Protein chains: 2
Amino acid sequence: MAHSATKRSDITLSNCGYSKVLDIISSKWAALVIYAMENGKIRYGQMLRRVEGISKKMLTQTVRKLERDGLVQRHITPTVPVSVEYSLTALGESLLQPMKTLRQWGRDNYTQVVEARVKYDFVGTPDSVPTSPITSS
Amino acid sequence: MAHSATKRSDITLSNCGYSKVLDIISSKWAALVIYAMENGKIRYGQMLRRVEGISKKMLTQTVRKLERDGLVQRHITPTVPVSVEYSLTALGESLLQPMKTLRQWGRDNYTQVVEARVKYDFVGTPDSVPTSPITSS
DNA sequence: CGGGATCCGGCACGATACTG
DNA sequence: CAGTATCGTGCCGGATCCCG
């Protein structure tokens with residue numbers, strides 16, 4: 001580190017690329033909605049059914065934000081009952097790979113995280129039981 | 001339920017690896033705190049100064065959650081004023097690469113996202129201006 | 001069919017003060 | 001030095017109803 005470097009904080013929200021990405025896809029449904037589009041155009045109602053548990057409000061809100069961020073395109077076909085299809089833009093598709101990398105990490109390691117939590121909560125909770133817990137016999 | 005596939009929703013929160021990861025590092029400060037530890041052990045006060053804008057409350061809360069999830073270790077040295085150091089566990093380090101991949105995407109493409117927003121908000125806001133906007137000449 | 005408008009509860013986050 | 005305790009607030013997300 002430089003000599004008198006009074007500049008202490010070198011890690012900031014504003015220049016962190018990861019935080020910027022979170023700004024785009026940290027919402028609860030964003031990733032799921034993107035996955036629903038990874039094979040090409042898909043209709044609104046289709047997504048509503050494919051993404052388990054999402055409500056119309058959240059689907060619309062999520063897809064709108066993604067559209068605003070330039071990751072998603074809307075295609076409107078003015079048939080009798082309107083038909084609206086969504087698809088990823090080139091920018092949106094470019095995000096798929098990095099996301100998959102993280103997703104793979106999650107698949108590979110989430111059980112370890114869950115185990116760590118159980119362990120942490122186990123040693124953390126004791127309010128009683130100073131005696132050995134499982135080793136009953 | 002199996003045969004005629006009435007099972008429509010194939011994208012769910014519970015089986016999405018990406019969403020699981022978000023559960024771990026989607027909080028505002030998590031990534032920044034992890035970055036503060038990527039070069040090895042670091043003291044509490046050091047992190048407080050390195051991560052711009054973080055409060056003691058949020059640092060403690062963030063680091064505790066990461067510890068609970070098994071990504072971070074705490075080392076306490078009972079000197080006169082207590083000294084506490086934090087570092088990434090093997091699991092925590094393994095998350096570094098996937099995170100960097102996303103971070104790189106953010107660095108490379110965030111400006112495009114910002115531009116898309118400006119554009120979207122521009123065509124979205126008009127309350128007036130039915131006349132062609134940019135094509136002035 | 002594909003939304004928009006509204007009400008509401010929970011929780012992430014911030015500011016401040018106190019402690020061993 | 002390294003936290004904890006408490007209070008307050010925004011806003012994310014769910015439920016419900018309405019619309020063209």
Side-chain angles (χ1 to χ4, degrees), chain A residues 8-9 12-14 16 19 22-34 36-37 41-69 72-87 120 124, chain B residues 8-9 11-14 16 19 21-33 36-37 41-69 72-87 120 124-125:
Chain A
R8 32 263 290 272
S9 51
T12 74
L13 274 172
S14 48
C16 175
S19 298
L22 281 188
D23 187 32
I24 303 170
I25 41 167
S26 71
S27 74
K28 183 173 179 180
W29 303 103
L32 291 295
V33 167
I34 288 176
M37 292 181 290
K41 287 201 227 172
I42 181 173
R43 296 190 54 177
Y44 183 85
Q46 282 279 328
M47 298 181 76
L48 205 55
R49 268 162 279 148
R50 285 197 66 186
V51 182
E52 187 182 77
I54 197 171
S55 67
K56 287 195 284 185
K57 174 192 168 183
M58 290 317 295
L59 176 55
T60 301
Q61 183 175 304
T62 303
V63 97
R64 280 287 181 284
K65 184 174 192 299
L66 292 174
E67 189 192 357
R68 185 174 107 100
D69 290 349
V72 163
Q73 285 170 317
R74 261 180 98 200
H75 313 277
I76 309 168
T77 310
T79 49
V80 186
V82 222
S83 168
V84 180
E85 288 179 319
Y86 292 91
S87 66
Y120 186 94
Chain B
R8 34 264 290 273
S9 50
I11 301 179
T12 74
L13 274 172
S14 49
C16 175
S19 299
V21 174
L22 282 188
D23 186 35
I24 303 171
I25 41 166
S26 69
S27 75
K28 183 173 180 180
W29 303 104
L32 292 294
V33 167
M37 292 182 290
K41 288 202 228 172
I42 181 174
R43 298 189 53 177
Y44 183 87
Q46 281 279 328
M47 298 181 75
L48 205 56
R49 266 162 280 143
R50 286 197 65 186
V51 182
E52 187 183 76
I54 198 170
S55 67
K56 286 192 284 188
K57 175 191 167 184
M58 290 316 296
L59 176 55
T60 301
Q61 184 175 304
T62 302
V63 94
R64 281 286 182 286
K65 183 174 192 297
L66 292 173
E67 189 192 358
R68 184 174 108 99
D69 290 350
V72 163
Q73 286 170 315
R74 261 180 98 202
H75 313 276
I76 309 166
T77 311
T79 49
V80 184
V82 224
S83 169
V84 180
E85 288 180 319
Y86 291 91
S87 66
Y120 186 95
T125 357

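Chain identifiers are assigned alphabetically (A, B, ...) following the order of the sequence lines, protein sequences preceding nucleic acid strands; residue numbering begins at 1 within each chain. Note that the structure is predicted; figures quoted are calculated from it, not measured.
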Here the distance between atom C1' of C:dG14 and atom CG of B:Leu48, to the nearest Å, is 14 Å
Given C:dG3, D:dT4, C:dG14, the nucleotide with the shortest approach to the side chain of B:Met58 | C:dG14
OP1 or OP2 of C:dC1 sitting under 4.0 Å from any side-chain N/O of A:Arg43?
-> no
side-chain hydrogen bond (donor to acceptor under 3.5 Å, both in side chains) between B:Thr60 and B:Tyr44, worked out = CA-CA 9 Å; B:Thr60 301; B:Tyr44 183 87; 2.8 Å; yes
Of A:Lys28 and A:Val82, whose nearest nucleotide on DNA chain D comes first from the 5' end?
-> A:Lys28
Does the pair A:Lys41/A:Glu85 count as a salt bridge with the N-to-O cut at 4.0 Å?
-> yes
For residues B:Leu22 and A:Leu22, determine if any side-chain heavy atom of one lies less than 4.5 Å from a side-chain heavy atom of the other.
-> yes
Is there a side-chain polar atom (N or O) of A:Arg74 under 4.0 Å from OP1 or OP2 of C:dG3?
-> yes
C:dG14 base / B:Lys57 side chain donor-acceptor hit below 3.5 Å = yes
What is the distance, rounded to the nearest whole Å, between atom CG of A:Leu22 and atom P of C:dA12?
-> 15 Å
d(NZ, B:Lys65; C1', D:dT4) in whole Å = 20 Å
Does A:Thr79 offer a backbone N or O that forms a donor-acceptor pair with the side chain of A:Thr77 under 3.5 Å?
-> no
Would you mind reading off the distance between B:Leu59 atom CG and C:dC13 atom P, rounded to a whole angstrom?
-> 13 Å
Touch class at under 4.0 angstrom, heavy-atom based, for B:Ser55 against every strand present | nothing
Looking at the side chain of B:Arg49, which of D:dC1, C:dG3, D:dG14 is the nearest nucleotide?
-> D:dC1
Considering only D:dG14, C:dG2, D:dG3, which nucleotide approaches the side chain of A:Trp29 most closely?
-> D:dG14
Side-chain heavy atoms of B:Lys56 within contact of B:Leu48, under 4.5 Å | yes
Do the side-chain N or O atoms of A:Tyr44 get closer than 4.0 angstrom to the phosphate oxygens (OP1, OP2) of C:dG4?
-> no
In whole angstroms, the gap separating P of D:dT16 from CD1 of A:Ile54 amounts to 17 Å
Within the structure shown, what part of the strands sits under 4.0 Å from A:Thr79 by heavy-atom distance: base, sugar-phosphate, or nothing?
-> nothing
Determine whether any donor atom in the side chain of B:Lys56 lies under 3.5 Å from an acceptor atom in the base of D:dG3, or the reverse, and answer yes or no.
-> yes
Starting from P on D:dC1, measure out to CD1 on B:Ile42 and report it in whole angstrom.
-> 14 Å
Euclidean distance, atom CE of residue B:Met47 to atom P of D:dC1 [Å, nearest integer] = 15 Å
Base, sugar-phosphate, or nothing for B:Ser83, non-hydrogen atoms under 4.0 angstrom?
-> sugar-phosphate
Using atom CD of A:Glu85 as one end and atom P of C:dG2 as the other, report the distance to the nearest whole Å.
-> 9 Å
